[in-house]
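None of the values given here were measured: they were computed from a predicted structure. Order of appearance sets the numbers: ligands from 1, and atoms from 1 within every ligand.
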Amino acid sequence: MTDSSKWFESLRVSYEQGELNESDITHNPFEQFNLWLQDAINNDVPEPNAMVLSTVNKQGQPSARNVLLKSADENGFIFFSNKTSDKATDLKHNPHCSLLFSWLPQHRQVIVKGKAEEISMQDSNSYFQTRPYGSRISAWVSDQSKVIKNREELEVKVKEFMDKYPENVPMPSHWGGYLVKPESIEFWQGRPSRLHDRIRFTKKANNWTIERISP
Ligand SMILES: Cc1cc2nc3c(=O)[nH]c(=O)nc-3n(C[C@H](O)[C@H](O)[C@H](O)COP(=O)(O)O)c2cc1C
């Protein structure tokens, strides 16, 4: 049997990639977010726009999964998905959710808490039409989160929809974007000896208050 305690001990890393000081941080959390996202892109972090979306269903059961961020500005954070998926059903009952970005090569994470709402069909469609052909076909094929018999079932449906839409693929009505409007955004920078820097922006009456949180 593996001695896993030794194994985990060998994984111990001292976080020495940087600091996060009140004097350096921008006073606009979206600007700060985009600076860190840009850093992650420049440093070749894999899938830098991947974020863990956590939702809670009607029974209080939380679920988490990765989705891709497609826009981040003053309005909030946008991702796209199937609107009959488990995540969509959760959000319909309970729009409160969180987003977690892990930029581990830089020992950074960002945690967003807020509420999700559907974006307009028109805005979803503008993005949908920029997606590669195969991804647009998949949006028709996948009854996301539902049990299917086997892989073949998907392949058959791909062929069906490619025959139906050989060129122009309309956006299915069960597909679209969600905007997560943040209520708080925390920036976390790993520091040596686990004395990390945590700076949290919280929205109060349309202004952002900035607080340092104990690591
Ligand atoms: C890196 C990565 C990015 C993903 N991006 C998306 C995405 O943008 N939208 C999406 O619906 N699913 C995306 N997925 C798949 C989801 O993690 C998930 O399997 C799917 O959305 C079904 O989730 P649900 O059953 O909880 O609704 C991604 C998975 C990974 C690993």
Side-chain angles (χ1 to χ4, degrees), residues 30 33-34 36-73 75-106 108-155 157-158 161 165 169-182 185:
F30 297 101
F33 176 84
N34 280 307
W36 273 24
L37 175 61
Q38 193 62 59
D39 269 357
I41 295 166
N42 294 344
N43 284 283
D44 297 324
V45 171
E47 300 288 72
N49 58 331
M51 55 188 188
V52 175
L53 163 72
S54 298
T55 56
V56 177
N57 76 5
K58 225 178 176 178
Q59 288 77 35
Q61 170 66 52
S63 300
R65 78 291 279 160
N66 276 284
V67 291
L68 293 177
L69 176 72
K70 291 294 173 178
S71 150
D73 61 23
N75 298 314
F77 299 83
I78 291 182
F79 66 91
F80 292 88
S81 193
N82 180 304
K83 295 201 279 188
T84 61
S85 63
D86 284 356
K87 73 181 85 50
T89 308
D90 288 0
L91 290 172
K92 202 170 277 174
H93 293 297
N94 179 0
H96 294 276
C97 61
S98 82
L99 304 173
L100 167 66
F101 295 85
S102 302
W103 294 315
L104 300 183
Q106 288 140 303
R108 284 177 176 169
Q109 66 178 349
V110 173
I111 301 169
V112 176
K113 293 180 193 168
K115 274 194 205 168
E117 60 185 52
E118 287 183 23
I119 67 170
S120 71
M121 294 277 273
Q122 205 181 2
D123 288 347
S124 291
N125 189 48
S126 299
Y127 170 70
F128 186 80
Q129 296 305 335
T130 69
R131 303 181 87 211
Y133 176 74
S135 307
R136 282 179 280 147
I137 290 289
S138 287
W140 282 99
V141 168
S142 172
D143 196 2
Q144 198 177 50
S145 315
K146 309 297 180 298
V147 174
I148 53 173
K149 236 189 280 160
N150 49 35
R151 176 86 201 177
E152 203 191 347
E153 190 181 311
L154 285 180
E155 313 283 359
K157 277 172 86 179
V158 167
F161 280 104
Y165 303 123
V169 187
M171 184 183 77
S173 60
H174 63 252
W175 194 92
Y178 289 84
L179 170 71
V180 178
K181 287 182 160 175
I185 306 179

Test I111 against L99 for side-chain contact (heavy atoms from CB on, under 4.5 Å), laying out the working first. CA-CA 6 Å; I111 301 169; L99 304 173; over 6 Å; no

Begin from the C-alpha positions of N34 and Q38 and carry the test side-chain hydrogen bond (donor to acceptor under 3.5 Å, both in side chains) through to its verdict. CA-CA 6 Å; N34 280 307; Q38 193 62 59; over 6 Å; no

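If you number the atoms of ligand 1 from 1 as listed, the ones under 4.0 Å from a heavy atom of S145 come out as 24 (P), 25 (O), 27 (O). Near L68, with a cut-off below 4.0 Å to any heavy atom, the atoms of ligand 1 are 3 (C), 5 (N), 6 (C), 7 (C), 8 (O). Counting the atoms of ligand 1 from 1 in the order shown, those under 4.0 Å from a heavy atom of S81 are 10 (C), 11 (O). Set against the non-hydrogen atoms of F80, the atoms of ligand 1 under 4.0 Å away are 7 (C), 8 (O), 9 (N), 10 (C), 11 (O).
Nearest to atom 26 (O) of ligand 1 among the protein's heavy atoms is R65 NE, 2.8 Å. Nearest protein neighbour of atom 1 (C) of ligand 1, counting heavy atoms only, is E47 OE2, 3.9 Å. Atom 12 (N) of ligand 1 has Q144 NE2, 3.9 Å as its closest protein atom, hydrogens excluded (heavy atom only). Here the heavy atom of the protein found nearest to atom 21 (O) of ligand 1 is K87 NZ, 2.6 Å. Nearest protein heavy-atom contact of atom 6 (C) of ligand 1 is V67 CA, 3.5 Å.
Put simply, the side chain of I148 does not reach to within 4.5 Å of the side chain of D143, judged on heavy atoms. Residues K70 and Y127 are in side-chain contact: their nearest non-hydrogen atoms beyond the backbone lie under 4.5 Å apart.
For atom 19 (O) of ligand 1, no protein heavy-atom neighbour is found at a distance under 4.0 Å.
The pair E153-K157 fails the salt-bridge criterion, with no side-chain N (NZ, NE, NH1 or NH2) lying under 4.0 Å from an Asp/Glu carboxylate O.
Of the possible donor and acceptor atoms, none in the side chain of R108 sits under 3.5 Å from a partner among the backbone N and O of W103. Without hydrogens or angle criteria, S138 side chain to V141 main chain gives no donor-acceptor distance under 3.5 Å.
Here atom 29 (C) of ligand 1 lies nearest to N66 when heavy atoms of L69, N66, N82 are compared.
Residue contacts with ligand 1, taken as heavy atom pairs separated by less than 4.0 Å, do not involve K70 at all. Under 4.0 angstrom from ligand 1, there are no non-hydrogen atoms of F79.
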Side-chain donor-acceptor distances from residues 77-84 under 3.5 Å, at least two apart:
from	atom 1	to	atom 2	distance (Å)
S81	OG	K87	NZ	2.9
S81	OG	Q144	OE1	3.2
N82	OD1	T84	N	2.6
N82	OD1	T84	OG1	2.8
N82	OD1	S85	N	3.3
N82	ND2	S142	O	3.2
K83	NZ	E118	OE1	3.3

Per-pair distances, 0.1 Å, donor-acceptor, side chain in residues 48-56, under 3.5 Å, sequence neighbours excluded:
from	atom 1	to	atom 2	distance (Å)
N49	ND2	L69	O	3.1
T55	OG1	R65	NH1	3.0
T55	OG1	R65	NH2	3.3
T55	OG1	D90	OD2	2.7

